[in-house]
Protein chains: 2
Amino acid sequence: MPTMTAAQRRASEKAEYDAFLAGCPSRQLLDRISDKWVTLVLAALESGPQRYSQLARTIAGVSQKMLTQTLRTLERDGLVTRTVMATVPVTVTYELTELGRSLQAVITRLKSWAESHMEQVLAARSSYDAP
Amino acid sequence: MPTMTAAQRRASEKAEYDAFLAGCPSRQLLDRISDKWVTLVLAALESGPQRYSQLARTIAGVSQKMLTQTLRTLERDGLVTRTVMATVPVTVTYELTELGRSLQAVITRLKSWAESHMEQVLAARSSYDAP
DNA sequence: CGGAATCCTGCCTGATACTG
DNA sequence: CAGTATCAGGCAGGATTCCG
């Protein structure tokens, strides 16, 4: 993977195991959960199990590709469960696991912060753009 | 902006003002702070004001471009302050604003979650990959 | 030292078609 | 319904170079 080469080289130059910020697994996990689609999916699953089409409708602007991809990685990481009902047509529901709910609690705070500080940020942008 | 067209169209199809998940400013803000570089920069600034080169060293794997770009947007959004000291050579320090610290408190929880649940996620991946 | 400018690659998006 | 597959296009992001 050529995209990681330089990053790993820079990491190696540090020549120390930095549990805070390095190429260690916790850093990779932090990178993964610091993703807008992950955040939105977890936030959308707050109100209980949801079907695929419900999620697609709730998260305005997500493409099928990214929604599926995000749900797959979340499932792989043990944050959501995927349940297939053998109805006609098939019904698929996604639900947070206990692990997922523990992360979702943090995500909720992030969402709350965004909503409650939105105006302050917009004000800061105005004064920055037109001083 | 052609990239927003389809997203906005899907959002419009909902025909309702969804403060939770839509094309409203809070959603855009949530998208922005759900970024790995934003998360890492805010986490790195936890220990007080830092110089540009310090940040680059702390956040292993970040490119100058992304570090500069992230710091600029954070400054524009009123989350960090940029201070230029007229030394030779020039010294630039970045520091969290009060607004930035309020977000950083949430980011810290996210980082803590990643560190404390890393093993559970790795275990989930193992059982998913090789069942 | 702290960037800005440039070029370039790869992923994401958007659109469309097809399946079980 | 819930995807998978494919392809064009654009933009995020990496590598490199140069400057005050």
Side-chain angles (χ1 to χ4, degrees), chain A residues 1-11 13 23 31-32 34-41 44-45 49-76 80-95, chain B residues 1-13 23 28 31-32 34-41 44-45 49-76 80-95:
Chain A
M1 43 182 74
T3 55
M4 288 297 296
T5 308
Q8 290 179 333
R9 180 171 47 76
R10 278 198 287 265
E13 284 170 356
D31 287 353
R32 175 152 299 185
S34 300
D35 175 68
K36 62 184 271 193
W37 298 127
V38 169
T39 301
L40 290 169
V41 167
L45 286 173
Q50 307 246 347
R51 298 178 58 178
Y52 181 88
S53 53
Q54 284 180 307
L55 289 173
R57 249 175 286 120
T58 303
I59 306 173
V62 69
S63 63
Q64 293 168 352
K65 177 179 178 179
M66 288 316 295
L67 181 56
T68 300
Q69 191 177 108
T70 302
L71 287 168
R72 286 287 183 279
T73 62
L74 289 177
E75 185 192 3
R76 179 170 179 258
V80 304
T81 56
R82 180 175 181 268
T83 309
V84 182
M85 315 285 287
T87 55
V88 177
V90 67
T91 305
V92 181
T93 57
Y94 292 91
E95 185 174 9
Chain B
M1 45 181 74
T3 54
M4 289 297 295
T5 306
Q8 288 179 333
R9 180 171 48 74
R10 278 199 286 264
S12 299
E13 284 171 357
Q28 294 170 18
D31 287 353
R32 174 152 300 186
S34 300
D35 175 67
K36 61 183 273 192
W37 299 126
V38 169
T39 301
L40 290 169
V41 166
L45 285 173
Q50 306 246 346
R51 299 179 57 178
Y52 180 89
S53 52
Q54 283 180 306
L55 290 172
R57 249 175 286 118
T58 303
I59 306 172
V62 70
S63 63
Q64 287 138 357
K65 177 179 178 178
M66 289 316 297
L67 181 56
T68 299
Q69 192 176 107
T70 302
L71 287 168
R72 284 288 182 279
T73 62
L74 290 177
E75 184 193 4
R76 179 170 178 259
V80 304
T81 56
R82 179 175 181 268
T83 309
V84 181
M85 314 284 287
T87 54
V88 178
V90 66
T91 304
V92 181
T93 58
Y94 292 91
E95 185 175 8

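Proteins come first, then strands; the chains are lettered A, B, ... in the order of their sequence lines, and each starts at number 1.
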Separation of C:dC11 C1' from A:Lys36 NZ (nearest whole Å):
13 Å

Under the side-chain contact (heavy atoms from CB on, under 4.5 Å) test, residues paired with A:Val84 that sit two or more places apart:
A:Arg82, A:Val90, A:Val92

Report the distance from atom CG of A:Leu67 to atom P of D:dG3, rounded to the nearest whole Å.
8 Å

Working note: A:Asp31 + B:Leu40, criterion side chain to side chain contact (heavy atoms under 4.5 Å, CB included); need CA distance, chi angles, decisive distance, verdict.
CA-CA 8 Å; A:Asp31 287 353; B:Leu40 290 169; 3.7 Å; yes

Side chains of A:Tyr94 and A:Leu74 in contact at under 4.5 Å (non-hydrogen atoms):
no

For the pair made of CZ in A:Arg51 and C1' in D:dA2, what is the distance, rounded to whole Å?
9 Å

Non-neighbouring partners of B:Gln69 that pass side-chain contact (heavy atoms from CB on, under 4.5 Å), sequence neighbours left out:
B:Lys65, B:Met66

Spacing between A:Asp31 atom CG and D:dG14 atom P, to the nearest angstrom
11 Å

Counting only side-chain heavy atoms from C-beta out, which of D:dG14, D:dG3, C:dG2 sits nearest to B:Tyr52?
C:dG2

Between D:dA2 (C1') and A:Arg72 (CZ): distance, integer Å:
9 Å

Protein-nucleotides 16-20 of chain C N/O pairs under 3.5 Å:
none

Between A:Lys65 (NZ) and C:dG10 (C1'), how many Å, whole number?
11 Å

Nearest-Å distance for atom pair CE/C1', residues B:Met66 and C:dC11:
14 Å

Could you tell me the separation between the CD atom of A:Gln50 and the P atom of D:dA2, rounded to a whole number of Å?
11 Å

Closer to the 5' end of DNA chain D via nearest nucleotide, is it B:Gln69 or A:Gln54?
A:Gln54

In terms of side-chain heavy atoms of B:Ser53, which of C:dC1, D:dA2, D:dG3 is nearest?
C:dC1

Would you say B:Tyr52 and B:Thr93 are linked by a side-chain donor-acceptor pair, where the criterion is simply a distance under 3.5 Å?
no

